[in-house]
Asks: 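The structure is given below, and queries will be raised subsequently.
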Amino acid sequence: MDPTSSNLGKMLLEEITPVVMILRTPLVEESCRKNGLSFIQMIQPFSNFNNIDVPVRTASDQPYRLHQFKLRLHYASDICQPNVEAAEEHLKEVVTRASDNDLTDLNSDPPQLESLLRSAESESQSSRFQIFNKELIRASSFSEHEAFDHPVACLLVVSSKDDRPVNKFVDFFNTNQFPSLLNNGAMDPKILKYYLLIHDNQDGTSENATNVVSEMRGTFGASDCRMLCINSAENGSKDWQDNPWSACNSDALLGQDLGCFLNMDDLDEIKDLMQELSSKHIIPHMEQKVRVLNQQVSATRKGFRNQIKNLWWRKGKEDTPDAPTGTMYTFSSIESQIRVLGDYAFMLRDYELALSNYRLLSTDYKLDKAWKRYAGVQEMMALTYFMLDQSRKDAEYCMENSFSTYLKLGSSGQRNATRCGLWWTEMLKARDQYKEAASVYFRISNEEPSLHAAVMLEQASYCYLLSKPPMLRKYGFHLVLSGNRYYISDQRKHAIRAYRSALSVYKGNAWRYINDHVHYHIGKWYAVLGIHETAIKHMMLVLACGHQSIATQELFFRDFLQIVQKLGKTFEVFRLQLPVISMPSLKVIFEDHRTYASSAAVDVKESLWKSLEEDLVPSIPIMRTNWLESQPKKKYKDSNICVAGEAIKVDLEFKNPLKISLSVSGVSLICQLSEKTDSVDSEVGDQHATDVDGHLSTSVLQNDLELKKLKSSWELNSCNSSIVLSEVDFTLGGCEKTKVHLAVTPQLEGVLNIVGVRWKLSGSTVGYHNFDAILEKKRVKGKRRTRKSPSSNLKFTVIKSLPKLEGSIINMPERAYAGELRLVVLELRNQSKYPVKNLKMKISHPRFLYPGSFEDIEAKFPSCLEKQIDCKLKGLHASSIQLSSNLLFSFPEDVTIQGGTTFSWPLWLRAASPGSIPLYISIYYEMENVSSDMRYRTLRIHYNIEVLPSLDVSVQINPSPSRLSEFLVRMDIVNKTGSESFQLKQLSFVGCEWEISSLPPNGTACTSQLLIAGQALSSFFKLKKCDKSTCEPTTSSLSTLVGSDVSFGPEAGVLFDISRTPLADFHRYERLHQEKAEEGDPSNIDFILIAQPQESIGGSSAPARLFCHHACHCSIASQIPISWRMDGPQALHHDFSSSFCEIGLCMTIHNSSDYVVSVRIHTPGPQSSTGQLSDATGIAQSPRLAGNQEGWYDVSLVNDIKVTSDVMGTLSGKPASLDSTAPYIWSASSSTKIEVGPMSSTKVPLQVSLFSPGTYNLSNYNLHWSLLLPSNKDGLDRDQVRQTSGTIQGHSYYLTVLQSP
C-alpha cells in the first residue's frame, strides 16, 4: 500500500505543510475584491503543486526530489488558536450547508440495503465528512506545542497605489501586527520574508510601479522582491476556460463573477510567483534550516555522552507536579529546536529524520511531564510510522497513547484528542480495519458536543457497513444514535437522512420497537420541515403499535392526527393500518338461484347444502343431442350471478390493535358497475392491475395508482343511482374486533365488481383497501391452480329482477326438552309481483321435523292427536314416503304463491334427542317465464335447537315364570330436568301380536302419575300374546301403526292415537334411527311413552306441550331358546293313613328358536332326595333349606293347617334322619329326552309321590338342552346363535297336600 495514495496520506500532504504568513495593505485587498476574491483566495489555487520537481537533500546528503508540494496561506491576524465558540459556529454552518445541499434527497425513496452496500465506501468518503473532518482538524491548529503550524515564511504585500510603498514594508515589521506566537517567544521571529508589490492595471500603467520595485530591491534585496500585475482584462472579458476558484465561491461576493478582471497573463504571472516562492525560497530555506538544526541537535543531544548528560540534568524533574503543557519552552530551547527539526523534516518528506527526532523528543517531554507536548510528539510518531509504512503495531500504540494523554488533559486537550482520533480512524481505514475505526469514532463521540458526535457516529456506522462481513445491526444502531444527536443539535435534515438510512436495516425485521422509534421521529421531523404528506406516510407505519404502552399509543395517534390537521385537508391513504382489516375473514354473501332465509343459513358449508339438495334441484344436462352441437359452455365465466335489486353482502372483520379506542365512520364498499357486455374491458383492466401488481407491488408508484383508482371509483359511486351502498359507523375499544356487515345493491343489469372498502378514521383520515390485490396474491401464491370459491370472486353478472321467497318458521323454539312435540308453521312470503310454483321441500332431519297436512293449521294441539271414536287412521303419505336420512316433500300441485302474498304450511317439531341439533331445510320453487337466465331458485333455511334432557326411559323384558305366552315389562323412568314436572299419560305398545296391560290387572301402572324434577319411578306391565284371530296381518307393519295402549291412571285422561300423524311418522324415523342388527326379528317390539308437563295440564296460558318417547327394538328373546310351564294341582287333600299320594303333572316345553332343540328332563330318584319333613311347629322354626333341595318350607298358610292328632303326633314324635325315607319322590322315569321343533311346544307327563302332608317346592329337577344345528353350522350368524347348549334348574312349583279329615 502506498501511504500517499490513501485518504490519510492525502490529508497529511494537505494539512501538514508549510504555513506562509501574509501581511498586506488595505489597497491590496481592494484591488483583489474587484474579482470577488480576497488576496489569499486569489493566489490560493496556485499554491498547490502537483507536478513540481524540486531537488532536495537530506541531512545526510541523500538526494531526492519533491513532486508534490503545498503552501498554506494565512493572514497574520488569523495565525492564532481559533475561538471555541467561533469554531463551533463555523462547524455548525458547515453541517447546515451540507444539509441544504441534500434537501432534494429527502423527498426521494429511502435507500435500499443493496444500494447502500454498493455505495458504502464512496458514502464513507463523502465530501461532507471530509469537509467536516478538515474543519474539525483545523479547529485545533496553531498550537504552541506544534511547529508545523508555525509560519515558515512571511509574504509582505503592498499596492502600487499606497503612499510610499517602501515605507509600508518597513511598517509591517511593527510587532503589533505579528501573531502572538512570534511575540511570546514560542517561534523564531527570524523567518523568511518575501516582498510583493501589487499593481492594478486598471489604475494606469506600471511605470511608477517599476520604479517602486527597483527601490524595493535596493532596500530588501533583489531576489526577495517582485511585482505582480493584476486586473489586466478589459471590460471583464475572460480569456480562460477553467475557473481555478470554482471551489472557493463560499466567501465570494454574491452575484459577482470570480476572477472577472484577470486574464490569462495575470493567471500565469500568479502561477510563476507561487512556484518561484516555493521552489526558490521556501523549500531551500527549510532544507537549510534542517541542516543547521540537525547539526545543533547532533552536537548537543545525540551520542552516548550527550544522552547521559541529558538524563542527569532531567533527573530532578521527576518530582515536579504535572502541568498541562509542562515547562515553558521558548523557540531557542533545544526541545523546540528538535520539534522544529522534526516537523520540517516531515513536511519535506524526510520521515526517517523526523521519526528519529520525535523519538528523542518524546523521552524529554515525558520526563518533563509536559503531557500535551508529549501527546503531540506521539501523534506525529504514529503519522510518521504510517507514512513510512512500518510497524503498524507501533503506529497504533503511539495513536492510543496520544489519544489517551490528550483526554487526560481535559478541555485543553479535547480538540487535539479529536484530531488525533480522526488521524487514527483514517489510519485504520487505510488498512481495512473498519471495525476498529468504528470504535475509535465512538470514543471520539463521547468527548464531543452533540453535533460533532453525530458526525462521528454516522461515520462509525459506515465503518460497520464496510466491515467484512457487514455488521448491519451495528450500522443501523449507530445511525439511530447519530440521528438522535443531529436532532439534539437542531439538524433535522441530517437526522432524517440518518434515520432513513437506518430503515434499510430494520425493514422486514421483527424489531418492532426500533422500527416504531425510527418511523415516528422521521414523521415528526418531516412535519417540522413542512413536508406533511411524507410525514404522514411515516406516521402511518407506527399506528398499529399494539405492542407499545398505552401512553406511547396515545402519543403516536395524537401526533398523527395533529399532522393531518396541519395538512389542512382530508388525508387519503391506501391500506391504512387502523383499524386492521382481517382479509381471511372476508366473506361475500350473494344470492343467485340459492337464496337464504337468515345469516345462520349463510354460514352453513356449501357442500352440506349441495348434499341436501341433490335430489331436489334438477341436474344440468351435459350430453349433446348430436355431434354437430358444440360442447356446452358456461354462460357467465369466472363470475357469479346476482339479481338486480337484491343486496350483495360482504362481511369483513375490523380489529383495533391498540389499547385505546378508535372512532371509525362511513365504512362502505367501493364498487364498479358497467353495462352488460362481454366483460372484455373489465377483464383487460383486471389483467393490467395484475401485471402492475406483479412488478410494482412494493413501490410508491403502484400505491398511488391504486389509490387514484379507488378514489375515482368511489366518486363515481357517490353520484351513481344505479348502486345503493350501505354505510356503517362504529367505535372499537382497546384490542376489540368487530365484524362489519356491508351491502351493495345493484339496480341495473350489467357487470358489478367489488373493488375494495373505504372508511374514515377519527373524522380526518380516509382509508382505502383494495380487495383485488389481496385476492390476487392469494391466487398466485402457489404454483398449483386451485378452484376459486364463490366468496373469493368479487365479480358479478347482474341479471334482471326475479321473484324471491322469504321464509321463516313461526314458533320455532331455540330451546326444547327431549321428546317435546310441537306444531310450528312454515311461512313463505313472495315480495315480488311474479308468482312461483312447483314447490318442493327437503328436510335434513325428519326425525326432528316433519311436514304436516294442510288441515293441521287449524287443529288444536294436542287434542287433535287424541283417539276419536270411529275415526279413520290418518298418516301422511305413509306408503309413498321412503324412509331415509333426508325427507323430500312435494307440496300439492295446486299450490302457487302469488306476488305479494304469504303462504303457510304446518310442520311438526319433535326434539328427538338431547344436544345441539342443526336443522336444514331447502325449498325449491320455479318462476313462470320470468328469466331465461334462471329457471328456478331455492330458499335455504337453517335453525339450531338446543335440546335438553327430559325423561330417560329404559325397558326391561323378562318371560313370565307362570305363563308361556306372557312377559313382564319393567319400565324405569328418570326425570333429568332441573325444574320440569311431568304427568305420565300412557304407554303404547306398537304391534298386533302382543297386548299390553298394567300390573296388577285392572289397576294403575304406577303409584303416582306425577314425576317431579330429579325423581325416578318404575312401572310394571304385562305383555300377552294376542289370538291370531284378533291380529290381522298387513302387507307392511310400518305402513300404519296399530297396537295397544295402557293408561297410567284414571287422571291420565283420553288416550292419544299413536297411529295418527305425526306420532306414527316420528315413530318410523325413530325405528330407523334406533335400528339394530336384529331389526327384522319378530321378537323385537316397540313402546311409546306419552307425557305432558304439569303446567300444560293445569290450564296454564303457555302453549300446550306434549312429550313422546320411543323405545324401539326391545327384544323379548332370551339367550335360552326354551321355556316351560309346570301344570297340575296347587292344593289337595289325601288320606296318608291309608296310602301315599300320587299326583300327575304336565310340563309344557316351548322352543322359541329357529332350530330343533333336544331337551332331557332329569328328575332325581329316591336315593338323591335330601328333603326334610317337619311338623307344623318345626316348619315355623326351621331355616329355609338351600336351593335345589326338595321339601316343604315355611309359608303363611301352614300355621292355619289343621291335621289329625295321630298324624301330627306321628310326625312330631322325632325328626326323620337323613337316611330315612324322603318326603316325596319322582315316581316316573328319572330322565326323559324329547325333541322340540322350531317355534313349537311339546307336553311331557310327570308323576310325583308324596308320603306326608305339607307344602312342597317341586323344583329339584333339571333341564338339559342343546340346539340341533344343521350341517352348515359354520355359516351361521353367531350373533343370532349366542348359546348352543346348557342346563337349567327347575322353576319353583309349590304343592300343598293336606290330611283328609
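Source: prediction; values computed, not measured.
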Asks: Within the side chain of W759, is there an N or O that forms a donor-acceptor pair under 3.5 Å with the backbone of L578?
Replies: yes
Asks: Quick test of your reading: applying salt bridge (charged side-chain N to carboxylate O under 4.0 Å, His left out), list the pairs with at least one residue in residues 516-530, sequence neighbours left out, ordered by first then second residue.
Replies: none
Asks: Listed by chain and number, what are the ring-ring contact (aromatic ring centres under 6.0 Å, His included) partners of F442, not counting sequence neighbours?
Replies: H478
Asks: Considering residues at least two apart in sequence or located in another chain, which fulfil the side-chain contact (heavy atoms from CB on, under 4.5 Å) criterion with A647?
Replies: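 Result, side-chain contact (heavy atoms from CB on, under 4.5 Å) vs A647: A743, T745.
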Asks: Whether the side chain of Y441 engages the backbone of E458 through a donor-acceptor N/O pair (distance < 3.5 Å, no angle test) should be reported.
Replies: no
Asks: Salt bridge (charged side-chain N to carboxylate O under 4.0 Å, His left out) with D490: which residues, sequence neighbours excluded?
Replies: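 Once residues adjacent in sequence are excluded, the partners of D490 under the salt bridge (charged side-chain N to carboxylate O under 4.0 Å, His left out) criterion are R492.
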Asks: Could you work out, with side chain to side chain donor-acceptor pair (under 3.5 Å) as the rule, every residue matching S549, not counting sequence neighbours?
Replies: T552
Asks: Please list, chain by chain and in numerical order, all residues satisfying salt bridge (charged side-chain N to carboxylate O under 4.0 Å, His left out) with K804, sequence neighbours excluded.
Replies: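 Only E591 meet the salt bridge (charged side-chain N to carboxylate O under 4.0 Å, His left out) criterion with K804.
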Asks: Does this structure show an ion pair linking E606 with R940, if we count only N-O contacts that are shorter than 4.0 Å?
Replies: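 Between R940 and E606 there is a salt bridge, with a charged N closer than 4.0 Å to a carboxylate O.
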Asks: The criterion is side-chain contact (heavy atoms from CB on, under 4.5 Å); which residues satisfy it with Q562, sequence neighbours excluded?
Replies: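 Expected list: R558, D559.
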Asks: Can you tell me which residue pairs pass the salt bridge (charged side-chain N to carboxylate O under 4.0 Å, His left out) test with a partner in residues 639-648, sequence neighbours excluded?
Replies: E646-R937
Asks: Tell me, please, which residues at least two apart from D592 pass salt bridge (charged side-chain N to carboxylate O under 4.0 Å, His left out).
Replies: R594
Asks: Only pairs at least two apart or in different chains count here, so list each salt bridge (charged side-chain N to carboxylate O under 4.0 Å, His left out) that has a residue in residues 539-551.
Replies: none
Asks: For H521, enumerate each residue passing the side-chain contact (heavy atoms from CB on, under 4.5 Å) test, keeping only those at least two apart in sequence or located in another chain.
Replies: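 Counting only residues at least two positions away or on another chain, H521 forms a side-chain contact (heavy atoms from CB on, under 4.5 Å) with Y499, H517, W525.
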Asks: Applying salt bridge (charged side-chain N to carboxylate O under 4.0 Å, His left out), can you list everything that pairs with K569, at least two apart in sequence or on another chain?
Replies: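 Testing K569 for salt bridge (charged side-chain N to carboxylate O under 4.0 Å, His left out), a comparison that skips the adjacent residues, returns E533.
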